[in-house]
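Worksheet: one structure, shown below.
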Number of protein chains: 2
Amino acid sequence: MPYPSNHSAMALFVQRLASHTPLDADAREALLSLPVQRHDVRAHADFVEVGSSSDHASLVAEGLVGRFGQTGDGRRQIVSLHLPGEIADLQSVIVPQATTALTALTGSTLLRVAHDDLRRVGLRHPGIATAFWRACVVEAAIVAQWLINIGQRPARSRMAHLFCEMATRYAQLDQSDGRRYRLPMTQEQLGDALGLTSVHVNRTLQGLREERLVSVSRDSVEILDWDGLVAAGEFDRAYLAAA
Amino acid sequence: MPYPSNHSAMALFVQRLASHTPLDADAREALLSLPVQRHDVRAHADFVEVGSSSDHASLVAEGLVGRFGQTGDGRRQIVSLHLPGEIADLQSVIVPQATTALTALTGSTLLRVAHDDLRRVGLRHPGIATAFWRACVVEAAIVAQWLINIGQRPARSRMAHLFCEMATRYAQLDQSDGRRYRLPMTQEQLGDALGLTSVHVNRTLQGLREERLVSVSRDSVEILDWDGLVAAGEFDRAYLAAA
DNA sequence: CGGTATATTGAGACGGCTCAATTTCTGTGG
DNA sequence: CCACAGAAATTGAGCCGTCTCAATATACCG
């Protein structure tokens, strides 16, 4: 076992799949024993380009990955964030041609899993196929909430909503209470995720700090007033219930 | 066959599924013979509420359906539009609790299909399960593009992008060239889809008209200058290729 | 034919943007 | 361990795209 951390990332992934779609030991074992190829990526490196077609999906083992699109003048919109234990482009198993890129927001390590293997294991174990489908559905639900957030809410709410979401997702991941978690994003990247300028992110962040709702540093978030933050972001975790 | 239009909507749905995931005659027949329950909905009626849990999915047979979320102060964000031949909430097969609502943007008729039936047919025909998964992936890709659109582009581009997308989707549906299609949305609803005020929709629309890019009436769109509109919206149909 | 929904227009306000300078971090090599 | 360079954060000032509020005109429907 040359890479213990590899194993734990895949285990995390399987565990989360299994928490909603019962998978028998056989199926879990099939996933855990899939060959993976470790890949380390530096911060700010884009490792999947729009238009590219790949033969593998990327399981995040460590770090933070963003899926994003770009407009003609180079503005980026981050469309989803992927924590360790998540496959950042599971949909590529079904549609290999990327319509959206992947970038490492911070130094990250990925485990590449061959599409063929994922398809094979899905065919052999229908429960796994269902679980993959579910994972895509949940991710779509998250993107939809981001759309609501960005389409309709002012900067302060958007940001509060994002912090609540990430707290909830981290809590699901590591059984913590989510009050404090790593979020290694620059204010620029935060802006790309929220549809805001880095300048405005900075000012909005100051506002949230002055309100004593959160304490945000370069790479971590501490929530000081959960109820206040939930109210500010109109956060309702229901859309994450199936995650 | 009491409802010929039912049949054609389901046939349309099956045909589009089959165009990307080969389905044998058996599988297609299984889908076509699923029992459906017809439902007519008036314009502006919400027929799936957030938080509700249903036991069926809704295939659009006629009209136009919007999936949307709402903020605390009642602002709506339409997250996706569903044309005839699409199941507006296919994801509910996997996650029955709705995190987003459905509304008829215009008078519409829906065909309810039981989740149980859809699951059953998916288990019996793995190709169908894959096709369902794919449909959800494609829809997610569309939502992601909307997020990019709304997060990063100015009103004029957003609107142009939407018109291009709908043209392309209609063209896929009815083999037309998509230069002219029905889009029975009020300016208010257009605003809800684009993250804009109806007032601003009105002004932006006037701009596009003055530029001779489109001609938009209450319930239909005619594209006068496709290339110009594509440029204005930075539209790239790649994300619809798998649809 | 009347009533309600929708579209249109105007005027003013404001949230978030741009541009630009400065300060503070962070990591690296000497 | 310090110095330095580049990245990131912070601040200021002015602008502009979009919103709000409000009034009017037009279109649709029973």
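Note on naming: letters A, B, ... go to the chains in the order of the sequence lines (proteins, then strands), and numbering restarts at 1 for each one.
In this structure, the CE atom of B/M185 is 19 Å from the P atom of C/dA5, given to the nearest Å. In this structure, A/L190 atom CG and D/dT10 atom C1' are separated by 15 Å, rounded to whole Å. Look at CZ on B/R203: it is 10 Å from P on C/dA11, rounded to the nearest Å. Taking atom NE2 on A/H44 and atom P on D/dA7, their separation rounds to 9 Å, with Å as the unit. Taking atom NE2 of A/H200 as the reference point, atom C1' of D/dC16 lies 14 Å away to the nearest angstrom. For the pair A/N202 CG and C/dT22 P, the computed distance is 17 Å after rounding to whole Å. Here D/dA9 presents its P atom at 12 Å from CD of A/Q206, a figure rounded to the nearest Å. The nearest whole Å value for the distance from the CZ atom in B/R156 to the P atom in D/dG17 is 12 Å.
Checking C/dC17, D/dC19, C/dT18 against the side-chain heavy atoms of A/L196 singles out C/dC17 as nearest. For A/Q187, the listed nucleotide lying nearest its side chain is D/dA9; candidates were C/dT9, D/dA27, D/dA9. Comparing C/dT18, C/dG10, D/dA9 by their closest approach to the side chain of A/R218 singles out D/dA9.
Between A/H161 and A/Y239, the ring-plane angle classifies as parallel under the 30° and 60° cut-offs.
Between the side chains of A/N149 and A/Q145, not a single donor N or O lies within less than 3.5 Å of an accepting N or O. Side chains of A/H200 and A/S198: no donor on one and acceptor on the other come within 3.5 Å.
When heavy atoms are screened at a 4.0 angstrom cut-off, A/G195 is found touching the sugar-phosphate backbone but no base atom. Using a 4.0 Å heavy-atom distance criterion, A/R209 is classed as a sugar-phosphate-only contact. Here A/T186 lies in heavy-atom contact (under 4.0 Å) with sugar-phosphate atoms only.
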Practice task
Kindly indicate, with the supporting measurements, whether the criterion side chain to side chain donor-acceptor pair (under 3.5 Å) is fulfilled by A/S80 and A/R67.
Solution key: CA-CA 5 Å; A/S80 61; A/R67 206 153 60 83; 3.2 Å; yes
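One finds no side-chain N or O of B/T197 lying less than 4.0 angstrom from the OP1 or OP2 phosphate oxygen of D/dT18. In this model, the phosphate group of D/dT20 is approached by a side-chain N or O of B/R75 to a distance below 4.0 Å at OP1 or OP2.
Within the 3.5 Å criterion, the main-chain N or O of A/T106 finds a donor-acceptor partner in the side chain of A/S108.
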